[in-house]
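Note that ligands are numbered from 1 as they come in the structure, with each ligand's atoms numbered from 1 the same way. The first residue of the sequence shown is numbered 1, and numbering continues consecutively from there.
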Amino acid sequence: MDPAKLILDGNEYELPVVIGSEGEIGLDITKLRSASGAITLDPGYGGTGSCYSSITYINGEEGILRYRGYPIEQLAEKKRFVEVAYLLIYGDLPNETELDLFRHQLTHHSLIHEDMKKFFEGFPAEAHPMGVLSSMISSLSSYYPDSGNGEDIDLNIIRLLAKAKTIAAFSYKKSIGQPYVYPRNDLSYHADFLHMLYAVPAEEYVPPPAHEEALNMLLILHADHEQNCSTSTVRMVGSSQANLFASISAGVSALWGTLHGGANQKVIQMLQTILDDGADYRKYVDLAKDPNADFRLMGFGHRVYKNFDPRARILKGQADKVLGQMGVEDPLLDIARNLERIALEDDYFIERRLYPNVDFYSGIIYRAMGIPTNMFTVMFALGRLPGWIAQWKEMRDDPHGRIYRPRQIYMGETERSV
Ligand code: ACO
């Protein structure tokens with residue numbers, strides 16, 4: 001394709017065109033500033049590509065999400081989370097030998113250093129588990145320093161994936177005042193997590209198969225989502241050559257926010273408020289439309305998906321099935337369905353192309369599994385780990401990679417004297 005032409009103040013500049021493997025078009029502005037003195041301005045980066053990437057493809061108009069070329073629907077139906085993690089991080093689905101080794105590594109690195117238990121003791125019982133997770137992941141860098149060589153990095157990737165679920169489960173046990181439960185080597189990745197979450201020393205705990213299945217699917221659906229807020233944070237921090245643990249810890253903090261992963265916790269709190277208020281959905285739809293009310297329908301809207309979120313579509317179908325298998329009836333599910341129906345018929349939501357996102361139904365399933373509300377975003381973080389790691393690794397291995405350093409348009413005072 002011919003270069004784009006930009007005319008600025010009577011001068012013409014050529015901007016090379018870059019075309020992605022799915023036909024996405026980008027204008028390369030890397031030389032624009034040095035040639036013209038001008039920068040581009042895009043608050044919130046909605047129209048800005050920050051990198052080349054071969055990991056995840058999203059087409060927001062058509063509701064397409066693929067990891068390394070594989071449609072999310074197929075992966076969610078046919079694969080285990082550890083296979084998807086391998087796919088994202090190393091580029092291809094593992095063969096049997098590769099998968100056995102990967103599973104073995106994830107199993108045998110799941111213990112955290114005993115000294116780290118003292119950190120948990122220092123947190124107040126009411127500490128939010130996302131704050132604990134972020135701090136503990138950052139502290140892993142003190143135990144497993146990164147000398148910058150490839151072998152250290154590869155091992156730290158395994159350690160992070162293996163230990164994060166132990167840390168997440170310990171933070172929950174701490175919050176309810178129960179003894180920590182150590183990982184078990186005979187269980188799968190997600191069954192082991194459920195075991196560390198729910199087992200108590202007095203009795204044998206066997207994770208219900210329906211819970212294991214649901215968790216497997218939820219983790220896969222959250223595993224990557226290209227350059228969203230938390231992933232861009234991981235890349236931003238990592239671009240200064242900060243170590244893996246520091247970069248991912250920053251991603252956990254970014255995910256915590258209500259407009260990002262923190263929305264799943266807020267969805268359940270919103271549904272509960274509506275239920276407690278007599279289940280009057282229309283009142284809350286009206287409130288969300290009122291420009292003077294500081295209220296949004298949590299779990300609705302997405303920066304990229306403008307027709308539907310394929311993950312939400314899968315989860316909506318699964319919520320009924322999973323709750324049925326678990327024998328759970330949840331009045332919040334009825335409210336969620338009604339809210340969705342009413343909002344989707346409403347001009348306000350239609351005009352703004354606001355649809356349920358992945359967080360809308362995930363909380364209902366987590367609730368049915370008995371996972372406490374303040375752990376929902378931690379579940380999201382566990383699922384997102386392989387994506388963050390893959391994106392960090394891709395950035396690190398990019399020979400043309402540079403430190404992230406956006407510009408600004410200064411709008412403050414011009415020079416003045418004291
Ligand atoms: N409820 C009511 N109105 C909404 C909602 C909502 N959930 N989301 C967006 N709008 C409205 C805005 O008020 C705005 O209306 P206006 O044009 O009249 O001013 C318009 O839709 C566009 O909204 P923006 O905030 O500009 O959209 P943006 O792309 O910046 O934000 C976001 C996307 C943050 C997801 C937003 O839709 C939102 O706040 N949703 C609720 C929180 C949520 O569910 N977050 C999870 C996202 S998925 C994820 O991170 C995994």
Side-chain angles (χ1 to χ4, degrees), residues 42-48 56 58 60-61 63 65 67 72 76 130 217-234 251-271 273-274 281-316 332 335-336 339-366 373 376-388 391:
D42 180 18
Y45 310 131
T48 296
T56 289
I58 299 177
E61 274 66 36
L65 169 61
Y67 299 159
I72 188 67
M130 281 298 274
M217 188 194 59
L218 281 157
L219 294 178
I220 290 176
L221 293 181
H222 286 92
D224 194 47
H225 215 233
E226 51 117 308
Q227 308 311 319
N228 56 79
C229 173
S230 55
T231 303
S232 296
T233 301
V234 169
V252 173
S253 298
L255 185 74
W256 192 359
T258 306
L259 298 186
H260 194 11
N264 58 13
Q265 175 173 344
K266 293 286 172 196
V267 169
I268 292 297
Q269 288 164 348
M270 175 189 75
L271 295 174
T273 305
I274 298 175
Y281 339 111
R282 280 183 201 279
K283 177 174 154 188
Y284 287 87
V285 172
D286 288 344
L287 206 56
K289 288 157 49 180
D290 181 350
N292 299 316
D294 188 18
F295 178 79
R296 286 188 167 197
L297 281 190
M298 297 316 291
F300 266 75
H302 199 276
R303 173 63 65 79
V304 177
Y305 294 121
K306 296 300 175 195
N307 282 318
F308 66 94
D309 177 340
R311 304 164 301 171
R313 193 171 264 191
I314 296 173
L315 281 182
K316 184 183 176 183
L332 296 195
I335 294 188
L339 206 57
E340 180 183 4
R341 183 177 49 77
I342 291 170
L344 294 185
E345 290 164 359
D346 192 293
D347 284 347
Y348 174 95
F349 290 86
I350 295 168
E351 279 161 18
R352 287 168 182 75
R353 305 174 81 185
L354 300 170
Y355 298 85
N357 58 50
V358 67
D359 290 325
F360 195 64
Y361 281 104
S362 61
I364 305 255
I365 303 179
Y366 289 137
T373 313
F376 288 3
T377 316
V378 170
M379 307 303 292
F380 190 153
L382 282 186
R384 184 55 57 88
L385 267 182
W388 286 331
Q391 301 271 353

So does Glu61 get a backbone contact from the side chain of Asn307, meaning a donor-acceptor N/O pair under 3.5 Å?
yes
Between Asn357 and ligand 1, is there a nitrogen or oxygen pair with a distance under 3.5 Å?
yes
Please report which non-hydrogen protein atom sits nearest to atom 48 (S) of ligand 1, along with the residue it belongs to and the distance in Å to one decimal place.
His302 CD2, 3.7 Å
Part of Asp359 within contact of ligand 1 (heavy atoms, under 4.0 Å):
side chain
Quiz question for you: does at least one protein heavy atom lie closer than 4.0 Å to atom 27 (O) of ligand 1?
no
Tell me the protein heavy atom at minimum distance from atom 20 (C) of ligand 1, and give that distance in Å.
Arg352 CD, 3.8 Å
Short side-chain donor-acceptor distance under 3.5 Å, Gln227 and Gln391:
yes
If I apply the N/O under 3.5 Å rule, does Arg303 come out as touching ligand 1?
yes
Proximal ligand 1 atoms for Phe380, defined as those under 4.0 Å from one of its heavy atoms
51 (C)
Can you list, pair by pair, the side-chain donor-acceptor contacts under 3.5 Å of residues 291-298, counting residues two or more places apart and other chains?
none

Phe360/Phe300 aromatic ring centres below 6.0 Å
yes
Would you check whether Met298 has a nitrogen or oxygen atom less than 3.5 angstrom from a nitrogen or oxygen atom of ligand 1?
no
Polar contacts were defined as any N/O atom of the residue lying under 3.5 Å from an N/O atom of the ligand; does this apply to Leu259 and ligand 1?
yes
among protein heavy atoms, the one nearest atom 1 (N) of ligand 1 is Leu297 N, 3.1 Å
Step by step, would you call Phe380 with Asp359 a side chain to side chain contact (heavy atoms under 4.5 Å, CB included)?
CA-CA 9 Å; Phe380 190 153; Asp359 290 325; 3.8 Å; yes
Heavy atom of protein inside 4.0 Å of atom 46 (C) of ligand 1, strictly below:
yes
Close N or O approach (Arg296, ligand 1; < 3.5 Å)
yes
Sequence neighbours excluded, which residues qualify as side chain to side chain donor-acceptor pair (under 3.5 Å) partners of Ser230?
Asn228, His260, Trp388
Please report the shortest heavy-atom distance between Val358 and Asp309, naming the atom on each side.
N-OD2, 2.9 Å
Hey, is Lys289 close enough to Asp286 for a salt bridge, meaning N to O under 4.0 Å?
yes
Tell me whether ligand 1 is touched by Phe360 - counting only heavy atoms on the residue side and a distance under 4.0 Å.
no
Counting non-hydrogen protein atoms only, what is the nearest one to atom 43 (C) of ligand 1? Give residue, atom name and distance.
Ala263 CB, 3.6 Å
Would you say ligand 1 has an N or O under 3.5 Å from any N or O of Phe300?
yes
If the contact criterion is a heavy-atom separation under 4.0 Å, does Tyr348 count as touching ligand 1?
yes
Verify the ring-centre separation between Phe308 and Tyr355: is it less than 6.0 angstrom?
no
If we ignore hydrogens and angles and just use 3.5 Å, is the side chain of Arg384 paired with the main-chain N or O of His222 as donor and acceptor?
yes
Could an N or O of ligand 1 be found under 3.5 Å from any N or O of Gly299, whether backbone or side chain?
yes
Identify the heavy atoms of Leu219 and Met379 that sit nearest to each other, and give their distance.
CD2-O, 3.8 Å
Report the nearest protein non-hydrogen atom to atom 35 (C) of ligand 1: residue, atom name, distance rounded to 0.1 Å.
Gly301 O, 3.6 Å
Shortest protein heavy-atom distance from atom 5 (C) of ligand 1, along with the residue and atom involved
Leu354 CD1, 3.8 Å
Determine whether more than 12 heavy atoms belonging to other residues, nucleotides or ligands lie under 6.0 Å from atom NZ of Lys306.
yes
His260 neighbourhood, listing ligand 1 atoms whose heavy-atom distance to it stays under 4.0 Å:
46 (C), 49 (C), 50 (O)
